[in-house]
Amino acid sequence: MQNDFKDLLKKYGAPLYVYDANIISKKYNEFFQAFDVKNLDIHYACKALSNLSILSFLNSLGAKLDCVSVQEVQLGIKAGFLPADIMFTPNGIGEAEYDQAIALGVNINADNLEMVEYLGKTYQGLKLCIRINPHLLGGGNSKISVGHIDSKFGISIHQMPLLQRLANKYGICINGVHVHTGSDILDGDIFIRAAELILQAAEGFENLEYIDFGSGFKVAYKPDDYFTNIEKFGKKFSEVFNDFCQKKGKDFTLKFEPGKFLVSEAGSFLTSVNVVKQTTACTFVHIDSGFNHLIRPMFYDAYHEIENISNPKGDKKLYNVVGYICESDTFANDRILPEVKKGDILRFKNAGAYCYSMSSNYNSRYRPAEVLIKDGNSFLIRKRETIEDLISGQMLINF
Ligand code: PLP
């Protein structure tokens, strides 16, 4: 694979995002096979990596889609998803965006009572899914922990009677309930605890068809890192879900919305080294990228494993790997790597989820190209940006 990466860089230039379709399909199958329930829908979380070709590939595997903006819905439909297979799970958006999503025919999820009331008044007999906040602390850090009592997400589990009154008043058909407590969940039992609370809250909804448990499955970012054992989890969770179905005498659909689990490992970010700078304190490796391309280390203190694919067997040395953005822009501090020289290629692993999709043009730099590898063939799925991309949409008023 090292040589393949080098060939790809020769062909497409650096920096470059590369995704392996075979890994995505392996992860999808692992997820699908982990659950033993009658009806299972896997809605890929579009926000993790929203390139049209990636969406199209997941659609071809049988995945459905989870979208948090109407633009993601538009991308999903363009990539071939049926509106009926799309869950729309936004947070705190305005009425106009809901109107657009409803017009596109997707499944609607509401995460506040004010919007439930608006939707009920405006759309007679609307089928609606409700995002419930179970007041559980899950998620790997404060930015991605979203199911606790102080979180802005969802309708409090204590507000179900009020929700029920609104539903009765406006004839809303609550056909789904949704919960998502965060990303990178370290304790898999959070799902079971959430399930107990949500299934109890769902008891009152007579028209219930599905329960959507969101996501948060942890992937390993470094050797020996904790990860969700999906097989074990699926077995345990299926039992809880099947008991609920049996008790209610109905085969509900179980839904999940994995993002990271499906695409994180499939992605690599390839960069080349501009400068190796020795100071009196440390050695900096400056790469031809920055947090404009990969923000997770700066934003979440996330760890990405780095490989020096130009010199994998070199003597180990200690480096600070930094970017070119004009403020502190650190990918890794005190990282041991095989000796790095100017021009070497560094590969960031786990660059499939929340990497390209969180990139920007900060410092007026171009976003990189994206390439998809499938069965040994490479496909350019997004061109590197150019100055035309940077200025398109701008009006130059000459003063
Ligand atoms: N569903 C919703 C509503 C989300 O907000 C997210 C991301 O936080 C996901 C699914 C995907 O989560 P993950 O990438 O951890 O699988």
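Small disclaimer: the values here were computed from a predicted structure and weren't measured. Counting begins at 1 with the first residue of the sequence. Note that these values count all heavy atoms, side chains included, but never hydrogens, waters or copies made by symmetry. In listed order, ligands and their atoms are each counted from 1.
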Would you kindly specify which portion of [X] sits under 4.0 Å from ligand 1, judged on non-hydrogen atoms: side chain, backbone, both or neither?
X    : answer
H180 : side chain
A45  : side chain
D66  : side chain

Return yes when F153 approaches ligand 1 closer than 4.0 angstrom through a heavy atom, no otherwise.
no
Can a non-hydrogen atom of H43 be found less than 4.0 Å from any atom of ligand 1?
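Flag not set, H43 not near ligand 1.
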Number the atoms of ligand 1 from 1 as they appear, then name those within less than 4.0 Å of a heavy atom of [X], with their elements.
X    : value
K260 : 13 (P), 14 (O), 16 (O)
P258 : 16 (O)
G216 : 15 (O), 16 (O)
Y354 : 7 (C), 11 (C), 12 (O), 13 (P), 14 (O)
K47  : 4 (C), 5 (O), 6 (C), 7 (C), 8 (O)

Which residue is it: V322, V285, I287? I am looking for the one with a side chain to side chain contact (heavy atoms under 4.5 Å, CB included) to F331.
I287
Please determine whether the number of non-hydrogen atoms from other residues, nucleotides or ligands lying under 6.0 Å from atom OH of Y210 exceeds 12.
yes
Heavy atoms from other residues, nucleotides or ligands near CD of Q71 exceed 12 (cutoff 6.0 Å):
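Count over threshold, so yes.
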Looking only at N/O atoms, are R131 and ligand 1 under 3.5 Å apart anywhere?
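Between R131 and ligand 1, no N or O pair is found under 3.5 Å apart.
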In terms of the angle between their ring planes, are [X] and [Y] parallel, tilted or perpendicular, with boundaries placed at 30° and 60°?
X    : Y    : answer
F256 : F217 : perpendicular
F348 : F269 : tilted
F241 : F244 : tilted

Nearest non-hydrogen atom to atom 13 (P) of ligand 1 belongs to which of A48, S215, G154, G214?
S215
Establish, for the pair R335 and Y303, whether the NZ or CZ atom is under 6.0 angstrom from the six-membered ring centre and no further than 45 degrees off its axis.
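Geometry flag: set, cation within 6.0 Å and 45°.
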Could you check whether Y356 and Y17 have their ring centres less than 6.0 Å apart?
yes
